[in-house]
Amino acid sequence: MPMNSQSYELGVATSSIREIAAYAAARKAQIGPQNVFDFSLGNPSVPAPPEVRASIERSLALDATALHGYTPAAGLPEVRKAVAASLNRRFMTSYDAGDVYLTCGAAASIAIVLNALVSPGDEVIVIAPYFPEYRVWIEAAGARCVEVRADERTFQLDVDAVARAVTEHTRAVLINSPNNPVGTIYPREDLERLGRVLDECGRELGGQVHLIADEPYREISYGAEVPWVPDAYGRTVVCYSYSKSLSLAGERIGWVLVPKTNPEHDELVPAVAGSGRKLGFVCAPALFQRVVADCVDVPSDVAAYAKNRAALTEGLSQAGYTYVEPQGAFYLWVKALEPDAKAFFRQARELELLPVPSDSFGCPGWVRVGYCVSHDTIVNSIPAWERLAQRYGRRHG
Ligand code: PLP
């Protein structure tokens, strides 16, 4: 084949999340948007805060060549400094601009970190259920994606299972808290225990296992503390994005932080820069770099998600569904009413309900309901959820 077969396969294979979203768009055109309950995508339904627009308007007054020109590959020094200073205020750390590399969102951050860390034959552990693109990025970096199931009752970290999966080839464990697709937040004690286990495994097996903390949902918590992962484990690298926190998913802006406490800091900082260079992820969008500098401490508006979460969980529990109480992010993890999540999805689709079957996330028997939608969509979908439960003989009321 006159092309890269891995890339070709990825291009022709369909992502079921995107497939459902495309079906939803077509169905809305057929029967009207108000009659389709599309819970497929994680696209924020809350508008970006007004500070974003104000920042853009200020930038527009700049000289056009400066505004639209290249920035340094790792981003504008003043923006990297602003990010580090904000983290220092929040987590009592002492990072500086040199520890931060600006990226095109968490996707680029994770791809950069993986390519900075792994060599062919290495293994990267993910916690199933997991964001499906993790496997793509891990395999594209030449490593093997090793799935470790979350605790089957709570969907929290199963630290012992992670410990059992670590081998001399393990280069990193990739975690995501607040979690997509489950909505869990990993408590400090669990992260500290994971840190101790990774330290021990690293010593015993002669390897150095890094923790990659993927944190696009850090700001979206309904009250639980979201611990700062580098406090729990030294060899952590943090991947962040403003896609969800400032509702800037389409603008592609985020960062990688190599904390000074990481024992490999001095080698990892250039490896991250080299990885960005290798992948062509240099010079993140300049206008939105400046937005980040201006908005680095602007809080996320979680009220709308909290309201949706309350209405959805109340409606679904009355209809007899089982779900994981979400502590953060904007997804509800609902147990399918039959073992085959795809068959359950097909039943749901007949009632115009469009969640995502859990098989996409490496786990059978559940569906993910993204509640980053309008409140009306949530409220108006409840009768359909009830009808779906009745099809399976569940009572409600
Ligand atoms: N990681 C997780 C867990 C996500 O849910 C997403 C997007 O939905 C990403 C990474 C990618 O985020 P970004 O839009 O910042 O690239």
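Side-chain atoms are counted along with the backbone in the values below, which use heavy atoms only and exclude waters and symmetry mates. One-based numbering, in listed order, for ligands and for the atoms of each. Predicted model, so just to flag it, every value in this text is computed and none were measured.
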Y134 vs F131 aromatic rings, parallel, tilted or perpendicular, using cut-offs 30° and 60°?
perpendicular
Would W366 and F344 count as a close aromatic pair, with their ring centres under 6.0 Å?
no
Heavy-atom count check: over 12 atoms from other residues, nucleotides or ligands less than 6.0 Å from R90 CZ?
yes
Is ligand 1 under 4.0 Å from a heavy atom in the side chain of E133, in the backbone, in both, or in neither?
neither
Name the closest protein heavy atom to atom 2 (C) of ligand 1, giving the residue it belongs to and the distance to 0.1 Å.
D214 OD2, 3.3 Å
Provide the number and element of each atom of ligand 1 under 4.0 Å from a heavy atom of N176.
3 (C)
Aromatic rings W385 and F39: how do their planes relate, parallel, tilted or perpendicular, breaks at 30° and 60°?
tilted
Tell me if the centroids of the rings in Y323 and W333 come within less than 6.0 Å of each other.
no
Contacting atoms of ligand 1, where contact means under 4.0 angstrom from a heavy atom of S241:
15 (O)
Per-residue contact class, P216 against ligand 1 - non-hydrogen pairs under 4.0 Å
side chain
Is ligand 1 less than 4.0 angstrom away from at least one heavy atom of Y217?
yes
Would you check the N or O atoms of F131, main chain and side chain alike, for any that come under 3.5 Å of an N or O of ligand 1?
no
S245 and S300 side chains, donor-acceptor separation under 3.5 Å
no
Within the structure, is a non-hydrogen atom of Y134 found at a distance of less than 4.0 Å from ligand 1?
yes
Under a 3.5 Å threshold, yes or no: a donor from one side chain and an acceptor from the other, between S275 and N115?
no
Would you say W137 has any N or O atom under 3.5 Å from an N or O of ligand 1, going by distance alone?
no
Going by heavy atoms, is A249 under 4.0 Å from ligand 1?
no
Nearest protein heavy-atom contact for atom 16 (O) of ligand 1: which residue, which atom, what distance?
R252 NH2, 2.7 Å
Where the closest heavy atom to atom 13 (P) of ligand 1 is concerned, which of A108, S109, S243 has it?
S243
Is the Y371 to F330 ring centre distance short of 6.0 Å?
no
Any nitrogen or oxygen of N180 lying under 3.5 Å from a nitrogen or oxygen in ligand 1? Just yes or no.
yes
Any idea which atoms of ligand 1 are less than 4.0 Å away from a heavy-atom of A107?
11 (C), 13 (P), 16 (O)
Taking the ring of Y217 and the ring of Y331, is the distance between their centroids below 6.0 Å?
yes
Backbone or side chain, does any N or O of A106 fall under 3.5 Å from an N or O of ligand 1?
yes
Please state which protein non-hydrogen atom is closest to atom 8 (O) of ligand 1 and give its distance, to 0.1 Å?
K244 NZ, 2.8 Å
If only side-chain N and O atoms count, and only distance matters, is there a donor-acceptor pair under 3.5 Å linking Y130 with R135?
yes
